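Structure, as structure tokens:
Given the structure is predicted, the values throughout are model-derived calculations rather than measurements.
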Amino acid sequence: MDDRLERFLRIKLREVGKKYAETRESADKQVEEAKEAYRNARDTTLADLPQDEHGRAKIVCRRYAERRAVRLDKEGRPACFDAEHPACEGCVEDIRERTIETW
């Protein structure tokens, strides 16, 4: 095989390989983001709370009195939950009773 042809084919195959790897990485990232959004929406829906565009619950934090968009776990606890803090315990109770302040 001609050296120029062999070199040309090697370069083109490398380009195709790199493009494939980039596309695969992008697709994997999109799938993970979609799975995360689904989990967030599912868990937030369990608590019947308003959601942001990423499926996180839009609540007002009792501990810091600020608006937050947080993921809820399967037990209805926000990601920022601290079991040692009474305001966090009250927040979880409010989520379960559907009396949590939202925005």
Side-chain angles (χ1 to χ4, degrees):
M1 185 183 297
D2 185 298
D3 287 341
R4 291 182 301 169
L5 178 60
E6 185 178 330
R7 183 172 178 266
F8 173 78
L9 289 175
R10 213 175 313 124
I11 290 170
K12 291 300 175 185
L13 287 173
R14 277 193 200 122
E15 289 175 4
V16 169
K18 287 179 184 179
K19 193 65 159 174
Y20 173 79
E22 291 170 3
T23 303
R24 179 65 187 244
E25 185 177 316
S26 175
D28 289 346
K29 183 179 176 184
Q30 289 175 355
V31 167
E32 282 305 312
E33 288 173 355
K35 286 180 180 179
E36 180 70 17
Y38 172 79
R39 283 190 295 269
N40 290 342
R42 181 196 63 214
D43 294 342
T44 302
T45 301
L46 293 175
D48 196 29
L49 297 172
Q51 303 173 22
D52 70 358
E53 65 276 1
H54 301 289
R56 299 175 298 192
K58 295 177 4 178
I59 64 172
V60 176
C61 174
R62 288 181 61 171
R63 184 174 183 179
Y64 296 106
E66 65 185 15
R67 292 178 173 186
R68 290 191 177 182
V70 294
R71 285 187 317 140
L72 299 180
D73 64 13
K74 292 180 182 178
E75 296 172 16
R77 296 178 303 201
C80 56
F81 176 73
D82 178 3
E84 302 294 319
H85 200 279
C88 291
E89 291 174 16
C91 180
V92 171
E93 289 173 14
D94 287 351
I95 289 172
R96 289 183 183 141
E97 295 170 3
R98 292 179 169 82
T99 58
I100 188 82
E101 188 177 342
T102 61
W103 52 279

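Side chains of Leu72 and Leu49 form a contact here, defined as non-hydrogen atoms less than 4.5 Å apart. A 4.5 Å side-chain heavy-atom check between Arg68 and Pro78 finds every atom pair outside the cut-off. Between Lys35 and Val31 there is a side-chain heavy-atom pair separated by less than 4.5 Å.
The CG atom of Asp2 lies 10.0 Å from the CG atom of Leu9; values are rounded to the nearest 0.5 Å. With rounding to the nearest 0.5 Å, the separation of CD in Glu66 from CD1 in Ile59 is 10.0 Å. Put simply, CZ on Arg14 and CZ on Arg10 are 6.0 Å apart, with the number rounded to the nearest 0.5 Å. Annotation: the span from Glu89 atom CD to Arg77 atom CZ amounts to 11.0 Å, rounded to 0.5 Å. How far CH2 of Trp103 is from CG of Asp52: 6.5 Å, rounded to the nearest 0.5 Å. Here CD of Glu93 is found 11.5 Å from SG of Cys88. Values are rounded to the nearest 0.5 Å.
Dense packing is recorded around CD of Glu97, with more than 12 heavy atoms of other residues, nucleotides or ligands lying under 6.0 Å away. The number of heavy-atom neighbours closer than 6.0 Å to CD of Glu36, taken from other residues, nucleotides and ligands shown, is above 12.
Although no hydrogens or angles enter the test, the distance criterion places a donor-acceptor pair under 3.5 Å between the side chain of His85 and the main chain of Ala87. The closest donor-acceptor contact from the side chain of Thr23 to the backbone of Lys19 lies under 3.5 Å. Arg62 places a side-chain N or O within donor-acceptor distance of the main-chain N or O of Gly90, the cut-off being under 3.5 Å.
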Problem - From CA spacing to verdict: salt bridge (charged side-chain N to carboxylate O under 4.0 Å, His left out), Glu25, Lys29 - result: CA-CA 6 Å; Glu25 185 177 316; Lys29 183 179 176 184; over 6 Å; no
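Taking all atoms of both residues into account, the shortest heavy-atom contact from Tyr64 to Cys61 is N-SG, 3.2 Å.
Residues Val70 and Ile100 share a single hydrophobic cluster, defined by chaining ILVMFWY side chains whose heavy atoms lie under 4.5 Å apart.
In this structure, Lys12 pairs ionically with Glu15, as a charged nitrogen and a carboxylate oxygen lie closer than 4.0 Å.
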